[in-house]
Amino acid sequence: MRNLSRMNREELAEFIRSGGGNDYEELMQEANRLRRINYDRDVYTRGLIEFTNYCQNDCLYCGIRRSNPNAERYRLTESQILECCSLGRELGYRTFVLQGGEDPYFTDERLERIVYAIRSTYPDCAITLSVGERSRESYQRLYQAGAQRYLLRHETANDEHYRKLHPEAMSPENRKRCLWDLREIGYQVGAGFMVGSPYQTAEYLADDLLFLQELQPHMVGIGPFIPQKDTPFGTFSSGTLEQTILMIAMLRVLLPGALLPATTAVGTLDPLGREKVLKAGANVVMPNLSPTDVRKKYLLYDNKICTGDEAAECRFCIQGRVERAGFRLTVGRGDHVDWRKQHDAVKP
Ligand code: 5AD
Ligand code: FES
């Protein structure tokens, strides 16, 4: 197989355009081999808590964008969030992902309090934040309070494309600045992008792969774009499962130790989507832990799955899917391999 890490933009774009061409089967085998070396058959779980759908941003693709009047807004209280964690811990999760829109209500002080409360109540659990673009100082404070991981998809590494997906107030420079700041502070960082977003080209996907090779994030969230009817992109078509699978396998080869989630969006696109991307190199699942009454309100895109299920149902549904696909659902914090090595090295 041709060496992906030596390919330039044009070569990567051509590889993507041809769907892997003659190298497709070998790519899949290589992705699986590298996943096995780094993570064996283990699939890590993270309990996802969607704690606010208020958002000051207006990303053109997103269902909870500020200017969607049909989004019914909610925010969980600190004690509701802690209840989710308590339930999650009973279900075996050792990582909680606090995800939300960019909600100004959650100031540094409020978020710090929440992170600190989770940290002290569940010292054996990892806390991941996914609350968008903030100042370096803010990231620093939240890290100090006990958050060790941060998810912020770069969305697209191509500046021109970025401006087509976002309002003028948002800039690709600031997005990337956030990611580099998070890395420098010491977070395990998750970047990522949508496959098949409006105006995306094979060259833009190549830019994503090149950017990720430079950033070297610990995690990369990749899912298909799916239209949401109240957004300006409501009539565009979804990304495809085939291309999502291809991008995940390519990333497993380019970043062999990465944590790659089988996202809810891929499960929405195809009933067996998550199983299929696990087989292409993904190794993380993020079952929903949010209270059932708010799930239907966190709608980034149409027809989202898992919005009617209890946390326990999601937990066991996911376990069945992972096991039927031939993998092992792992409890435990599920740190990135390199991070684990560093951490173990400093232990007495
Ligand atoms: N389709 C698929 N993914 C979406 N996201 C936002 N809107 C959509 C959509 N319509 C993704 C973005 C964001 C993540 C939380 O969800 O990449 O970073
Ligand atoms: Fe939620 Fe299947 S993962 S119902």
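Whatever order the structure lists ligands and atoms in, that order sets their numbers, starting from 1.
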- Message: I want to know whether F236 and Y199 have ring centres closer than 6.0 Å.
- Response: yes

- Query: At a 4.0 Å cut-off, with the gap strictly under it, does some heavy atom of E155 reach an atom of ligand 1?
  - Reply: yes

- Message: Below 4.0 Å from ligand 1: does a non-hydrogen atom of G239 turn up there or not?
- Response: no

- Considering only heavy atoms of F225, which atoms of ligand 1 have at least one such atom less than 4.0 Å away? 1 (N), 2 (C), 10 (N)

- Item | Minimum-distance protein heavy atom relative to atom 9 (C) of ligand 1 | I226 O, 3.4 Å

- Task: Answer whether the closest heavy-atom distance between the side chains of M1 and Y24 falls below 4.5 Å.
- Result: no

- Message: Which residue and atom name correspond to the protein heavy atom nearest atom 11 (C) of ligand 1, and how close is it?
- Response: R153 NH1, 3.7 Å

- Ignoring hydrogens and angles, tell me if any N or O in the side chain of R65 forms a donor-acceptor pair with the backbone of D58 under 3.5 Å. yes

- Item | Polar contact flag for Y61 and ligand 1 (N/O pairs, less than 3.5 Å) | yes

- Message: Does the structure place the NZ or CZ of R149 under 6.0 Å from the centre of the six-membered ring of Y187, at an angle of no more than 45° from the ring's axis?
- Response: no

- Message: Students should be able to answer this: which protein heavy-atom is nearest to atom 3 (N) of ligand 1, and at what distance?
- Response: M194 SD, 3.5 Å

- Query: Would a distance-only check, ignoring hydrogens and angles, find a side-chain to backbone donor-acceptor pair under 3.5 Å from E214 to F211?
  - Reply: no

- Message: Restricting to non-hydrogen atoms, name the atom on I318 and the atom on P287 that form the minimum distance, rounded to 0.1 Å.
- Response: CG1-CG, 3.9 Å

- Query: How are the rings of H154 and F193 set to each other: parallel, tilted or perpendicular (split at 30° and 60°)?
  - Reply: tilted

- Query: How far is atom 15 (C) of ligand 1 from its nearest protein heavy atom, and which residue and atom name does that atom have?
  - Reply: L300 CD1, 3.8 Å

- Task: Please report which non-hydrogen protein atom sits nearest to atom 2 (C) of ligand 1, along with the residue it belongs to and the distance in Å to one decimal place.
- Result: P224 O, 3.2 Å

- Structural part of S130 in contact with ligand 1, heavy atom criterion under 4.0 angstrom: neither

